[in-house]
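Structure first, then comments.
On a predicted model such as this, the values are computed, not experimentally measured, just so you know.
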Amino acid sequence: MAENTTLGQYLYDCLKAEGITEIFGVPGDYNFSLLDTLEDYDGIEFINGRNELNAGYAADAYARVKGMSALITTFGVGEMSACNAIAGAYSENVPLIHIVGSPKTMMQQEKELAHHTLMDGDFDVFRKVYEHITGYTAILTPENAAREIPAAIKIAKEKKKPVYLVVAIDLVEKPLLSHSKTSENMTKTNVDALQSAVKHIKGMLEHVNKAVLLVDVKTLRYNLQKPVLQLAERLNVPVASLMQGKSGFDESHPQYIGVYGGAFGSKHVTETVEEADFIIAVGAVWSDVNTSKGTAKLNPLKMVEIQPDTLKVGEASYMNVRAEEILNALQDIGYRQNESVGNISFPYDTMVEDPSAPLKANSYYPRIQQMLKENDIVVTETGTFSYGMSQVRLPKGATYIAQGGWQSIGYATPAAFGACIADRSRRVLLFTGDGSIQLTAQEISSMLENGCKPIVFILNNNGYTIEKFLNVKVDIEKQKYNEIPEWNYTKLAEAFGQEAFTARVETNGELDEAITNAQDMNADKLCLIELVVKDQMDAPDYLKKIRQYLEEQEKLK
């Protein structure tokens, strides 16, 4: 770090060192000095979003692909618009650096009634909001920046949470006054706890005939895929993922059996998991989604629950045991299952061939599964697609992006944009609904403006079908609030002043033709396929089972 390095330059140096080559955001008068510094900075490009919420969603997906991301907004109005995206990143364990440009130092000290404020002279109120939805907040100054910026990045990396940094517009171009940095001490495994845990697990395995391995979201966030794969192969056990952990294990692997969904998922997967004598769960979040609304039947006394830095074996807890260490230790535990996994049938392996038949879930999901390629990035929206796509078997190297926990409608379209920016060498496919895309359709414009060429599928099933399925108290005809206006989705690119390949399909044959054309053209242009499903209550079996369960619960009230 040069002696005359400014606060802004140092900030970008730190982000660049983490592999961040693009920063998302929206300009505003309090972040001009941040953007001016970035404009002159070599190695990081500013990616302008259509609004702060969308820019936050894009940054979220970028971090899922590259490991970390950054977002720049202006004070007050900008950061409040991004709040939902940051809360989602917190919920979903996504490391994101949110940088806010604030009013001049003197304005804040004199408590002026400045625009973009609550007109009460309180300039710290928004940071206090962010204290609850980030892992760390700091007000940067030339005196503390060399300490606070690395500290924030360290927390984002270790805790996999967004962090918040705010800096006054007049301080960004000031030289650092202190060059002391925080230490990079990593939490080390407690060797005694690790050895005790291994001994405990070895004792449990002496009487085990059937074991199974479950992977979830923190397997992805903490890059545990490789040691989990090695452990699975060494133990020769079947592997299932939880809903929020899809793509945490290679789904093309012969030991992968599918997504465990309690009473709603594949019967074979449910039986394999619930009848096991021994379960190893890696990075699990026991949310209502992952436990299938409480229908999951997992005996904690038969479970080894591995978290990034803690371990639970049955009722016993072992603190300060890093996940990588216990995963590696278990490879030499001496257990290997004799029975092979065998041939597994997945829900969408069978193709519905009739080309003239109208589109239905049981016909378009097999076609989607068949078209996916190795290393694709698959971005799925909250809604009926999230349940159907969870049962699609992904090819080797595929990355699956969805907000399984936060589930903010509209997330997927800007997230697909962020994924495109994160890795331009990989194909991105977006699966969204007609209701969802109407919230954040502006980022189709951002994709076109930045030369992104995803294949976009829009499921047009006449409104918020997911809400119609989940609301079992009122007849569908009375749910007027779940209706939306009819858009000409294939005209979106034209409305944004650009060209794209588009198709509106209603039958299996039309979808087959559109997929073939999109596969041929997506290297040259964005492709958008509108799937028109006439039956608004057509849905994947998983969602139908959820509705049946909710109806039964309603009768018990």
Side-chain angles (χ1 to χ4, degrees), residues 51 53-54 57 84-85 87-88 91-92 243-244 261 264 287-289 292-293 358-365 368 378-392 401-416 430-444 456-492 504-506 528-551 553-554:
N51 60 55
L53 174 63
N54 290 357
Y57 287 150
N84 185 46
S91 172
E92 301 270 324
M243 282 284 281
Q244 291 180 238
F264 313 135
S287 65
D288 58 345
V289 174
S292 306
K293 297 193 179 297
L359 286 177
K360 289 191 174 182
N362 67 353
S363 67
Y364 59 77
Y365 282 114
I368 289 169
V378 178
V379 186
T380 302
E381 182 58 85
T382 295
T384 59
F385 256 141
S386 66
Y387 294 100
M389 289 300 295
S390 72
Q391 306 303 305
V392 167
I401 296 176
Q403 271 197 337
W406 188 242
Q407 294 194 359
S408 182
I409 295 176
Y411 165 82
T413 300
L430 165 62
F431 298 92
T432 187
D434 52 349
S436 298
I437 199 170
Q438 290 197 14
L439 275 74
T440 52
Q442 307 96 319
E443 289 332 288
I444 297 291
V456 180
F457 289 86
I458 300 175
L459 179 60
N460 184 347
N461 50 10
N462 193 27
Y464 292 124
T465 294
I466 182 64
E467 311 291 6
K468 297 171 187 175
F469 262 87
L470 297 179
N471 186 354
V472 296
K473 294 183 178 181
V474 181
D475 291 337
I476 297 167
E477 292 75 16
K478 295 181 180 179
Q479 297 179 26
K480 299 297 183 183
Y481 43 80
N482 282 327
E483 296 177 0
I484 61 171
E486 182 70 21
W487 284 14
N488 289 326
Y489 298 102
T490 56
K491 298 290 186 182
L492 281 174
R504 188 175 191 270
V505 300
E506 299 183 14
L528 188 152
I529 300 172
E530 180 185 354
L531 310 175
V532 181
V533 176
K534 299 296 186 181
D535 180 4
Q536 61 178 301
M537 293 304 285
D538 175 65
D541 288 341
Y542 195 105
L543 187 53
K544 291 178 179 177
K545 290 178 183 177
I546 289 179
R547 181 173 175 84
Q548 183 179 2
Y549 169 81
L550 293 174
E551 288 173 338
Q553 293 298 304
E554 187 65 23

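Taking CD1 of I476 as the start and CE of M537 as the end, the distance is 3.5 Å to the nearest 0.5 Å. Rounding to the nearest 0.5 Å gives a distance of 13.5 Å between OG of S287 and CH2 of W406. The distance from the CD atom of E506 to the CG atom of L359 is 8.0 Å, given to the nearest 0.5 Å. Note: T380 OG1 to M389 CE = 4.5 Å, rounded to the nearest 0.5 Å. Distance check, rounded to the nearest 0.5 Å: CG of N462 to CD of E486 gives 7.0 Å. In this structure, CZ in F431 is found 13.0 Å from OG in S386, a value given to the nearest 0.5 Å.
A side-chain contact (heavy atoms from CB on, under 4.5 Å) with L459 is found for one member of D434, D538, T384 and no other, namely T384.
At least one donor-acceptor pair under 3.5 Å links the side chain of S292 to the backbone N or O of G261. Of the possible donor and acceptor atoms, none in the side chain of E381 sits under 3.5 Å from a partner among the backbone N and O of I409. One N or O on the side chain of N471 and one on the backbone of K473 form a donor-acceptor pair closer than 3.5 Å. A distance-only check finds no donor-acceptor pair linking the side chain of S91 to the backbone of G405 [under 3.5 Å]. One N or O on the side chain of Q479 and one on the backbone of V474 form a donor-acceptor pair closer than 3.5 Å. At least one donor-acceptor pair under 3.5 Å links the side chain of R547 to the backbone N or O of K468. When atom types are taken as modelled, the side chain of D475 and the backbone of E477 share no donor-acceptor pair closer than 3.5 angstrom.
Heavy atoms from other residues, nucleotides or ligands lying under 6.0 Å from NZ of K544 number more than 12.
In this structure, Q553 and V472 have side chains that are not in contact, with every pair of non-hydrogen atoms separated by 4.5 Å or more. For the pair F457 and V505, the minimum side-chain heavy-atom distance is 4.5 Å or more. Side chains of I546 and Y387 form a contact here, defined as non-hydrogen atoms less than 4.5 Å apart. Residues K293 and Y549 meet the side-chain proximity criterion, which asks for heavy atoms closer than 4.5 Å. Side chains of I466 and L543 form a contact here, defined as non-hydrogen atoms less than 4.5 Å apart. Within the 4.5 Å cutoff, the side chain of L430 has heavy atoms near those of the T413 side chain. For the pair Q407/V289, a side-chain contact is recorded, criterion being any heavy-atom separation below 4.5 Å from C-beta on. The shortest side-chain heavy-atom distance between Q391 and P540 does not fall under the 4.5 Å cut-off.
The minimum heavy-atom distance between P358 and S363, with the atom names listed, is O-OG, 4.3 Å. Looking at every heavy atom in both residues, V379 comes nearest to A415 through CG1-CB, 4.0 Å. Residues N54 and P414 approach most closely at O-CB, 3.4 Å, considering heavy atoms. Nearest approach of Q536 to N461, heavy atoms of both residues: CB-O, 3.4 Å. Residues Q403 and E92 come closest through the heavy atom pair C-OE2, 3.4 Å. Residue L531 comes nearest to F385 through the heavy atom pair CD1-CZ, 4.2 Å, listed as atom of the first residue, atom of the second, then distance.
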- Intermediate values then yes/no, side-chain hydrogen bond (donor to acceptor under 3.5 Å, both in side chains), N460 and W487: CA-CA 10 Å; N460 184 347; W487 284 14; over 6 Å; no
- Item | Chi angles and distances behind the side chain to side chain contact (heavy atoms under 4.5 Å, CB included) call for Y411, L439 | CA-CA 9 Å; Y411 165 82; L439 275 74; over 6 Å; no
- Task: Give the intermediate values and the outcome of side chain to side chain contact (heavy atoms under 4.5 Å, CB included) for residues F264 and M243.
- Result: CA-CA 11 Å; F264 313 135; M243 282 284 281; over 6 Å; no
- Message: Evaluate L550 against L470 for side chain to side chain contact (heavy atoms under 4.5 Å, CB included), listing each step before the verdict.
- Response: CA-CA 7 Å; L550 293 174; L470 297 179; 3.9 Å; yes
